[in-house]
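In what follows, a single structure is set out as C-alpha cells and then discussed.
Since we're looking at a predicted model, the values are computed, not measured. Naming convention: chains lettered A, B, ... in sequence-line order (proteins, then strands); numbering from 1 in each chain.
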There are 2 protein chains.
Amino acid sequence: MVAKKQTLKIDRKVLSSAGLRMTNQRALILDIIRHRHLDADEVYRQARDKQPRLSLSTVYRTLRRLKELDLVDELHFGEAHHHYEVKPPAEHHHLVCLGCGKIVEFECSLCPQMKKEIAHRKGFEVARVEVQMTGYCSKCRQGRE
Amino acid sequence: MVAKKQTLKIDRKVLSSAGLRMTNQRALILDIIRHRHLDADEVYRQARDKQPRLSLSTVYRTLRRLKELDLVDELHFGEAHHHYEVKPPAEHHHLVCLGCGKIVEFECSLCPQMKKEIAHRKGFEVARVEVQMTGYCSKCRQGRE
DNA sequence: ATGGCTGCAAAAGTTTTGCACTTCT
DNA sequence: AGAAGTGCAAAACTTTTGCAGCCAT
C-alpha cells in the first residue's frame, strides 16, 4: 500500500503544522473513516480489532480534532449523532437510502450556481453547501411495490 | 388571532384522522415551533412559561409524533441534536450564520432539476432534498474584516 | 368509558472532562 | 525534557421508556 503511506505522510504534515502529533491511534482512525461514513461508535468498534486498548474517548477527541483541522467532515444524517468521513478531494453530497441505510455520494454541478444565487439574495458570505437527499435505492424500491 | 384558531383546527383534524388527540400541550408546542427552528430543550423552556407542569418527555414524545404525522420537520444542523419547525407550506432550506447563529430560510428553484438528475443517475427514488448552507450574514461579515 | 396522553422518575445512549501515566518530537 | 496524547472512570447532556393516574373524544 504505497498510497496509504503517502496519505499518512500528508496527514502527518497537517497535524504537525498545527503543533499536533501523529499517533498510532490517529493513523488508525483516519484509515478507518477514509472513504466511509461512520459514527463514533462504529469507528470505535472497528478500531478495537486492531488496537484493543483504544478508548472511546480517544475516538471522540480524535474525530473532533481532525475536524477542526479540516481533515475530516462531520455529517449530519437524521440520527441525533454525527457521522464522519475523511475530507474528500472534491466536494460531494450524500444520498441516503431509507430502506437499507446505504449511503451514496454524488457531485452536484448546479451547486456553485445555487450557492452564488443564495449568497447574493440573502447578503451572506456562504462558506459551505451541504445537500442531502433521502429516498430508496433500486434494490429497496423493488421490495416496496 | 383568528389565524391561530384556524391552524389549530386543521392540526386537530390531522391528529384525529390518525386516532390521536389534540391536547393543550400539543397545541402549545405546535404554536411555539411555528415559524421557528428550536431544539427540544428550547421548546421545553419556552413552553414552561405557559404550562409550568409540562415535562420534557412530553416535549420529546410530542415532537416525535408530530414528525411522524408530517406536521413538523426535523432539521439536522451541526449540533448533534435535532431542531424542529412546523412543516412549512412550501419546501424550503436553511442558511445558518456561523457568527450569530441566525437561521434564514430560502427557496431553491434549482432543486427539482437537481433531484431529478441525481435520482436518474443513481437509480434512486428520491423522497426528500435538504440543502443547508453555512456562512456569515451581512452583519457578522462586517465584524470579521 | 376507554384508549390515548401526561408527569415523574429512572434508564439508555451519546459526548465531554479530569487526572495520572505514556508517548511523540 | 517537555508538551501533547491516551486510557480509565466519572460526569454531563440528550433522548427514550415504564408506569400510575388523567383527560379528550
Assert yes or no for the condition that the ring centre distance of A:H83 to A:H81 is strictly below 6.0 Å.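 Yes, they do, as the ring centres are separated by less than 6.0 Å.
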
Phosphate OP1/OP2 of [N] contacted by [X] side-chain N/O (<4.0 Å):
X     : N      : value
A:Q25 : C:dT23 : no
A:S55 : D:dT6  : no
A:Q51 : D:dG7  : no
A:R53 : D:dC8  : yes

Other than B:V43, what residues sit in its cluster of Ile, Leu, Val, Met, Phe, Trp and Tyr side chains whose heavy atoms are under 4.5 Å apart, directly or through others?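 Under the 4.5 Å side-chain rule, B:V43 groups with B:L8, B:V14, B:L15, B:L20, B:M22, B:L28, B:I29, B:L30, B:I32, B:I33, B:L38, B:Y44, B:L54, B:L56, B:V59, B:Y60, B:L63, B:L66, B:L69, B:L71, B:V72, B:Y84, B:V86.
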
Mind checking side-chain contact (heavy atoms from CB on, under 4.5 Å) for B:K122 and listing every partner two or more places apart, or none if nothing turns up?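 Checked B:K122 against side-chain contact (heavy atoms from CB on, under 4.5 Å); matches are A:L95, A:V104, A:F106, B:I118, B:F124.
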
side-chain contact (heavy atoms from CB on, under 4.5 Å) with B:P112: which residues, sequence neighbours excluded?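 B:P112 satisfies side-chain contact (heavy atoms from CB on, under 4.5 Å) with no residue once adjacent residues are dropped.
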
Report the end-to-end axis angle of the helix from C:dA1-D:dT25 to C:dT25-D:dA1; each axis comes from five terminal pairs, and the value is rounded to 10°.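 The angle separating the two end axes equals 40°.
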
With [X], which residues qualify under side chain to side chain donor-acceptor pair (under 3.5 Å), at least two apart?
X     : answer
A:R45 : A:D41
A:R65 : none
B:Q46 : B:R36

Which residues in residues 29-47 of chain A have a heavy atom closer than 4.0 Å to any atom of DNA chain C?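 Output list: empty, so none.
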
Scoring nucleotides 16-25 of chain D by protein non-hydrogen atoms under 4.0 Å (B base, S sugar-phosphate only, - none) yields BBB----BBS

Calculate the interatomic distance between [X] atom [atom1] and [N] atom [atom2]; express it in whole Å.
X     : N      : atom1 : atom2 : value
A:E74 : C:dT14 : CD    : C1'   : 13 Å
A:L8  : C:dC24 : CG    : P     : 13 Å
A:H76 : D:dT14 : NE2   : C1'   : 16 Å
B:L69 : C:dG4  : CG    : P     : 14 Å
A:H82 : D:dT15 : NE2   : P     : 11 Å
A:H81 : D:dA12 : NE2   : P     : 24 Å

Set of salt bridge (charged side-chain N to carboxylate O under 4.0 Å, His left out) partners for B:D49, sequence neighbours left out: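 Per chain and number, B:D49 pairs via salt bridge (charged side-chain N to carboxylate O under 4.0 Å, His left out) with no residue.
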
For A:R61, what residues pass the salt bridge (charged side-chain N to carboxylate O under 4.0 Å, His left out) criterion, not counting sequence neighbours?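 A:R61: no salt bridge (charged side-chain N to carboxylate O under 4.0 Å, His left out) contacts found.
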
Ignoring the backbone of A:R65, work out which of C:dG7, D:dG5, C:dT6 is nearest its side chain.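 My answer, after comparing the listed nucleotides, is D:dG5.
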
With sequence neighbours left out, which residue pairs that include part of residues 16-32 of chain A fulfil the side chain to side chain donor-acceptor pair (under 3.5 Å) condition?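 Non-adjacent pairs meeting side chain to side chain donor-acceptor pair (under 3.5 Å): A:K4-A:D31.
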
Can you tell me how far CD of A:E105 sits from CD of A:E107, rounded to the nearest 0.5 angstrom?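 Answer rounded to 0.5 Å: 9.0 Å.
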
